[in-house]
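Okay, so here's the structure we're looking at.
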Amino acid sequence: QVQLVESGGGLAQVGGSLRLSCAASGRPISTYVMGWFRQAPGKGREFVAAINRSGTNTRYADSVKGRFTISRDNAKNTVYLQINSLKPEDTAAYYCAADTYWTTYIPSQPDDYDHWGQGTQVTVPS
């Protein structure tokens with residue numbers, strides 16, 4: 001069983017940047033497709049980005065393409081989400097997730113992911 005802990009969230013200005021980290025323990029993340037989701041108050045959990053096991057392929061939600069970058073360091077058992085050009089609509093709790101099933105395909109549905117962190121809050125006041 002893998003445990004995931006997110007960090008790096010906080011209060012940021014419009015146009016600013018944040019780097020979220022997801023530190024894993026218990027199992028090597030090299031065996032998982034890793035994803036980031038977010039959930040704003042009163043809304044459902046939304047796919048943001050995901051990366052395949054080797055880090056050679058990524059997938060992004062249209063709303064974040066060009067501003068967000070997902071990466072992973074399997075040696076450090078950590079996944080990152082670089083967020084640039086922050087907007088007020090990026091305000092949400094951001095969750096890291098791990099998928100045990102897929103190898104090359106990168107899923108975007110929350111139900112495809114088996115393990116979740118507790119989340120880190122990102123707030124961008126307008």
Side-chain angles (χ1 to χ4, degrees):
Q1 187 91 355
V2 65
Q3 291 81 44
L4 305 173
V5 178
E6 302 93 337
S7 62
L11 186 66
Q13 294 181 338
V14 173
S17 298
L18 285 173
R19 189 195 196 199
L20 308 185
S21 298
C22 171
S25 60
R27 290 199 64 182
I29 62 166
S30 57
T31 60
Y32 300 97
V33 171
M34 300 297 296
W36 285 96
F37 291 77
R38 65 186 180 186
Q39 188 165 16
K43 295 188 177 181
R45 196 159 291 191
E46 175 191 20
F47 171 74
V48 173
I51 188 167
N52 68 345
R53 295 182 179 188
S54 62
T56 56
N57 197 16
T58 56
R59 181 176 182 178
Y60 295 93
D62 288 343
S63 59
V64 307
K65 280 181 182 177
R67 298 191 300 120
F68 289 23
T69 303
I70 187 172
S71 61
R72 64 192 299 160
D73 186 337
N74 287 344
K76 294 184 178 179
N77 232 28
T78 302
V79 180
Y80 306 97
L81 186 68
Q82 178 69 40
I83 307 175
N84 297 329
S85 302
L86 279 160
K87 302 177 181 181
E89 50 263 45
D90 294 323
T91 295
Y94 283 72
Y95 298 90
C96 176
D99 167 69
T100 57
Y101 178 74
W102 295 102
T103 55
T104 55
Y105 173 71
I106 302 176
S108 63
Q109 296 299 314
D111 287 347
D112 284 316
Y113 290 81
D114 312 288
H115 307 283
W116 293 83
Q118 294 301 306
T120 186
Q121 179 67 34
V122 171
T123 302
V124 188
S126 55

Item checked: Residue pairs, two or more places apart or on separate chains, that pass side-chain hydrogen bond (donor to acceptor under 3.5 Å, both in side chains) and touch residues 27-41 -> Arg38-Glu46, Arg38-Asp90, Arg38-Tyr94, Gln39-Arg45

Notebook entry, point to check: Between CG of Asp112 and CG of Asp99, what distance do you get to the nearest 0.5 Å?
Noted result: 6.0 Å

Acceptor/donor pairs from residues 8-20 side chains to any protein atom, 3.5 angstrom cut, sequence neighbours excluded:
from: Ser17; atom 1: OG; to: Asn84; atom 2: OD1; distance (Å): 3.0

Note to self: Nearest 0.5 Å, please: how far is OG in Ser54 from CZ in Arg72?
What the structure shows: 7.5 Å

Note to self: Taking atom OH as the centre, does Tyr105 end up with more than 12 heavy-atom neighbours from other residues, nucleotides or ligands that are less than 6.0 angstrom away?
What the structure shows: yes

Margin query: Under a 3.5 Å threshold, yes or no: a donor from one side chain and an acceptor from the other, between Thr78 and Asp73?
Written below: no

Check: Any idea which heavy atoms bring Phe47 and Pro107 closest together, and the distance?
Finding: CE1-O, 3.9 Å

Item checked: Pairwise side-chain contact, His115 with Thr100, heavy-atom cut-off 4.5 Å (strictly under) -> yes

Item checked: Neighbour count above 12 (heavy atom, 6.0 Å) for Gln3 CD -> yes

Note to self: Could you check whether any side-chain N or O of Gln82 sits under 3.5 Å from a backbone N or O of Ile70, counting only pairs where one atom can act as donor and the other as acceptor?
What the structure shows: no

Check: Any luck finding a side-chain donor-acceptor pair between Asn57 and Arg59 under 3.5 Å?
Finding: no

Next item on the list: Step through it carefully: locate the ring centre of Tyr113, locate the ring centre of Phe37, and say whether they are under 6.0 Å apart.
Entry: yes

